Trainee: 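Right, I'll just put the structure down here and ask away after.
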Amino acid sequence: MEWVLILRLCAAGACGAVIGLDREYRVKDAGFRTHFLVSLGAALMMIVSQYGLAGFAAEHEDVRFDPGRIAAQVVSGIGFIGAGTIIVRRQLVRGLTTAASLWATAGIGLAAGTGMYGIAAVATLLTLFGLEALTLFFGDLGRRRIMIVFSAPARETVDAAFEALHAAGFETITYEVEPLREGGEEFFRATLVVRSKRGVDPEGYMKILCGFPEVSVDRVA
């Protein structure tokens, strides 16, 4: 029986690692190690619920036992890790897909922990299908929001960059301009969230900003 349970743990960890490799390829914070541990931990909790606590309840007739409560706690508890992968800044939300993949990975771990290998394998394939295939076929339906942080020595240059982006088909969702001083020189740092209109190259913003010699792009997310 111990070897069977070890096999379940290995199967859960393998399924989680496969999904995590996709997130690692996408350069996400929650990569294969996180997904591996989430799936492995979920399977371990399910095994302890099924066999460890069930054995204890059998020895003590006055103890009420419900193995489904452990699974319910795993499903709700994984939300804390998922929330930690979501970043919200200036109306730009990142990490929702990774949080959803962690939640699905926990379910896969629970399935492997109960010995449902086929269900765990199919769920792994469907999760990868949702992460990769759906993005490949339907990724162009949405318009991606991009946060750009750039600096310029004059406010007029910042305003001119805004106007150039707007004229090129980029819609400004939010923006913030703050004056800064460094090394005795004053400059302006702009943080804006833009979204490309239909038919506009979503990566064209870099060419536009590079057209201003005084503009220095600090960060793009």
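The structure displayed is predicted, hence computed values, not measured ones.
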Trainee: Mind checking whether V194 and V217 sit in one hydrophobic cluster, side chains of I, L, V, M, F, W, Y counted as touching below 4.5 Å?
Mentor: yes

Trainee: Membership question, hydrophobic clusters at under 4.5 Å side-chain separation (ILVMFWY): are L209 and V220 in the same one?
Mentor: yes

Trainee: Please report the shortest heavy-atom distance between A12 and G109, naming the atom on each side.
Mentor: CB-CA, 4.1 Å

Trainee: Quick one: closest heavy-atom pair of H35 and S101, and the distance?
Mentor: NE2-OG, 2.9 Å

Trainee: Could you report the tightest heavy-atom contact between F188 and A154, atom names first, then the distance?
Mentor: CD1-C, 3.8 Å

Trainee: Evaluate the criterion side chain to side chain contact (heavy atoms under 4.5 Å, CB included) for residue pair L192 and F170; output intermediate values, then yes/no.
Mentor: CA-CA 11 Å; L192 67 156; F170 287 90; over 6 Å; no

Trainee: Short question: side chain of T105, backbone of S39 - any donor-acceptor pair under 3.5 Å?
Mentor: no

Trainee: Mind checking the SG-CH2 spacing from C10 to W3? Nearest 0.5 Å is all I need.
Mentor: 9.0 Å

Trainee: Establish whether V18 and L126 are linked, either directly or via other cluster members, by ILVMFWY side-chain heavy-atom contacts under 4.5 Å.
Mentor: no

Trainee: What heavy-atom pair brings R8 and T114 nearest, and what distance separates the two atoms?
Mentor: NH1-C, 3.6 Å

Trainee: Quick one: CG on L102 to OG1 on T127, what's the gap to the nearest 0.5 Å?
Mentor: 11.0 Å

Trainee: Before giving the answer on side chain to side chain contact (heavy atoms under 4.5 Å, CB included), spell out for V158 and F150 the whole-Å C-alpha distance, their side-chain angles and the decisive distance to 0.1 Å.
Mentor: CA-CA 9 Å; V158 174; F150 66 90; 4.2 Å; yes

Trainee: Rounded to the nearest 0.5 Å, how far does CG of L44 lie from CG of L9?
Mentor: 6.0 Å

Trainee: As an exercise, state the distance from CE of M46 to CE of M116, rounded to the nearest 0.5 Å.
Mentor: 9.5 Å

Trainee: Are F162 and M206 linked, directly or through other ILVMFWY residues, by side chains that come within less than 4.5 angstrom of each other?
Mentor: yes

Trainee: Quick test of your reading: applying salt bridge (charged side-chain N to carboxylate O under 4.0 Å, His left out), list the pairs with at least one residue in residues 156-167, sequence neighbours left out, ordered by first then second residue.
Mentor: R155-D159

Trainee: Working to the nearest 0.5 angstrom, can you tell me the gap between S151 OG and E178 CD?
Mentor: 9.0 Å

Trainee: Cluster question for you: counting only ILVMFWY and a side-chain heavy-atom cut-off of under 4.5 Å, with indirect links fine, are V38 and L125 together?
Mentor: no

Trainee: Using a side-chain heavy atom cutoff under 4.5 Å and only I, L, V, M, F, W and Y, what cluster partners does L180 have?
Mentor: F187

Trainee: Can you tell me if CD1 on I119 sees more than 12 non-hydrogen neighbours from other groups inside 6.0 Å?
Mentor: no

Trainee: Taking the side chain as every heavy atom from C-beta outward, state whether P153 and E185 have any pair of such atoms under 4.5 Å apart.
Mentor: no

Trainee: Determine whether T157 and V215 make a side-chain contact, defined as any pair of heavy atoms from C-beta on separated by less than 4.5 Å.
Mentor: yes

